[in-house]
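In what follows, a structure is listed as structure tokens, so that the remarks can point back to it.
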Amino acid sequence: MDSNEEIPEGTVQNILDQESLKWIFVGGKGGVGKTTCSSILSILLARVRTSVLIISTDPAHNLGDAFQQRFTKSPTLVSGFSNLYAMEVDPTVENEDTSDGFLSDLANSIPGIDEAMSFAEMLKLVQTMDYSVIVFDTAPTGHTLRLLQFPSTLEKGLAKMMSLRNRFGGLLTQMTRLFGVEDEFNEDTLLGKLDSMKDVIQQVNKQFKDPDLTTFVCVCIPEFLSLYETERLVQELTKFEIDAHNIIINQVIFDEEVVESKLLKARTRMQQKYLEQFYMLYDDFHITKLPLLPEEVCGVEALKAFSHNFISPYRPRLDRGTVEEVEQRVATLTEQLKIAEEELERLKKGKQKV
């Protein structure tokens, strides 16, 4: 980036301001806080959009835990909102309507075809609903990348199925009639189903590659494996022609908040090294840093309270070297000394008894 160019703001305000967005994917390595981030993003979007749907495509659903509410595979209104809905779907579950015949088994033997068909069916359903924007709380990186490949996976599967039908269709029909199991094999139903998805596939594929309609938000933590996974994810998204210009770095320990803990100081130094690498690699991204908290962010009120860190950069409560900061350190050390003295007194009494 040119030194004269302005560094992108470290918030997600750009996403809230982009009114044309229809699909927002939130993904990254497992355990970095994707569900919390996608939940808060959907809450913020509900303030500026007419209707928002958040969908969990992770088989290990956590949306219910984040909002402390039970969700199903149908859109459910989130408590406390009039325009925010949530649903949990499992793309790995085979569609119940799929034929049980020979060609069905053959179709499912094509890598990823079952997930792709389920995901396509879900998107087909979602497209019939009038939501202003849809947020996807995705599974860990590998699963998400397979999901984003679903348009090309389905197109390849459809081409292969049509090719097999053209080559062996007549033979299969004769065999099924001969053995009296024509209804069971019913390849026309499956092929018709795949063919009917073609328009949905092409439309969604086109939308996913349109930066005005789709963006991907990468969530990570300032550690080596997460940095590596984020780099891999960004490269794959570039390959799929899917826009990504936001990174959320979660669980950051701010140096100003470290008191007298050797462990925290060591973790801060380690994190700082990877934070510098993030800024060096993604100097044209909006990088949002979120603080490590002493408690979980669960429930609508907690999510709302934490959401301000997404739209204005987090500021530690006290600056180093100020009177207030030194006073707080003295108070903390005094409290620690008091606890240590009480523990010493208990140990001395216990020793005397022995």
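Counting from 1, the numbers follow the sequence of the chain as shown.
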For Arg267, check salt bridge (Lys or Arg N to Asp or Glu O under 4.0 Å) against everything at least two apart and list the hits. Glu223
With Asn250 as partner, the option from Thr36, Leu290, Val32 fulfilling side chain to side chain contact (heavy atoms under 4.5 Å, CB included) is Leu290
Quick one: closest heavy-atom pair of Lys304 and Ser307, and the distance? O-OG, 2.6 Å
Would you please test Val26 and Val135 for side chain to side chain contact (heavy atoms under 4.5 Å, CB included) and show each step? CA-CA 7 Å; Val26 180; Val135 180; 4.1 Å; yes
Identified side-chain hydrogen bond (donor to acceptor under 3.5 Å, both in side chains) counterpart of Asn246 within the set Thr11, Asn14, Thr288, Thr215: Asn14
Evaluate side chain to side chain contact (heavy atoms under 4.5 Å, CB included) for Ile249 paired with Leu275, printing each intermediate quantity in order. CA-CA 8 Å; Ile249 306 178; Leu275 285 170; 3.7 Å; yes
Starting at NZ of Lys289, measure out to CD1 of Ile247 and round the result to the nearest 0.5 Å. 13.5 Å
Does Ser132 reach the main-chain N or O of Arg49 with its side chain, forming a donor-acceptor pair under 3.5 Å? no
Would Lys209 pass as a cation-pi partner of Phe216, given that its NZ or CZ must be under 6.0 Å from the six-membered ring centre and within 45 degrees of the axis? no
Parallel under 30°, tilted from 30 to 60°, perpendicular over 60°: which one fits the rings of Phe71 and Phe67? perpendicular
More than 12 heavy atoms of other groups within 6.0 Å of Glu19 CD: no
My understanding is that only residues two or more places apart in sequence, or in another chain, count here; which of them pass side chain to side chain donor-acceptor pair (under 3.5 Å) with Glu301? none
Minimum side-chain heavy-atom gap Thr35-Asp65 below 4.5 Å: no
To the nearest 0.5 Å, what is the distance between CG (Asp284) and NE2 (His245)? 10.5 Å
Find out whether Asp212 and Asp243 are in side-chain contact, i.e. whether some heavy atom of one side chain is under 4.5 Å from a heavy atom of the other. no
Hey, what do you get for CZ (Phe136) to OG1 (Thr214), rounding to the nearest 0.5 Å? 9.0 Å
State, to 0.1 Å, how close Cys218 and Thr230 come at their nearest heavy-atom pair, and which atoms those are. CB-CG2, 4.2 Å
Can you tell if the side chain of Glu231 reaches within under 4.5 Å of the side chain of Tyr282, non-hydrogen atoms only? yes
Side chains of Leu344 and Glu341, heavy atoms from C-beta outward: is any pair under 4.5 Å? no
Does the ring center of Phe285 lie less than 6.0 Å from the ring center of Tyr279? no
Would you please name every residue forming a side chain to side chain donor-acceptor pair (under 3.5 Å) with Ser51, sequence neighbours left out? none
Closest non-hydrogen contact found for Leu293 with Val297 is CD1-CG2, 3.5 Å
Quick one, Leu21 and Leu213 - any side-chain contact, counting heavy atoms below 4.5 Å? no
Is it true that Arg232 and Glu229 make a salt bridge, defined as a side-chain N closer than 4.0 Å to a carboxylate O? yes
Decide yes or no for Phe208 and Trp23: does some side-chain heavy atom of the first lie under 4.5 Å from some side-chain heavy atom of the second? yes
Roughly how far apart are Ile55 CD1 and Ile134 CD1, rounded to 0.5 Å? 5.5 Å
For the residue pair Val252 and Pro222, establish whether any side-chain heavy-atom pair is separated by less than 4.5 Å. yes
How long is the span from the CG atom in Leu237 to the CZ atom in Phe25, to the nearest 0.5 Å? 10.0 Å
Yes or no on side chain to side chain contact (heavy atoms under 4.5 Å, CB included) for Thr72 and Glu88, after CA distance, side-chain angles and deciding distance? CA-CA 5 Å; Thr72 64; Glu88 296 178 334; over 6 Å; no
Run Cys220 and Ile248 through side chain to side chain contact (heavy atoms under 4.5 Å, CB included) and show every step you take. CA-CA 6 Å; Cys220 56; Ile248 296 175; over 6 Å; no
Nearest heavy atoms of Leu303 and Ala66, plus distance in Å: CD1-O, 3.6 Å
With Arg269, which residues qualify under side chain to side chain donor-acceptor pair (under 3.5 Å), at least two apart? none
Taking Asp137's backbone N and O only, do any of them form a donor-acceptor pair with Lys34's side chain (distance below 3.5 Å, no angle check)? no
Residue pairs fulfilling side-chain hydrogen bond (donor to acceptor under 3.5 Å, both in side chains) with at least one residue in residues 75-86, sequence neighbours excluded: Gln69-Ser79
Mind checking salt bridge (Lys or Arg N to Asp or Glu O under 4.0 Å) for Lys22 and listing every partner two or more places apart, or none if nothing turns up? none
If you measure from CD1 on Ile242 to CD on Gln207, what distance do you get to the nearest 0.5 Å? 12.0 Å
Closest contact, heavy atoms only, Ile221 versus Ser226: N-OG, 3.0 Å
Any side-chain heavy-atom pair from Met87 and Leu53 closer than 4.5 angstrom? yes
Nearest atoms (heavy-atom pairs only) where Cys298 meets Gln68: CB-NE2, 3.7 Å
When you check the gap from the basic side-chain N to the acidic O, do Glu236 and Lys239 get nearer than 4.0 Å? yes
Taking the six-membered ring for Trp, are the ring centroids of Tyr314 and Phe254 within less than 6.0 Å of each other? yes
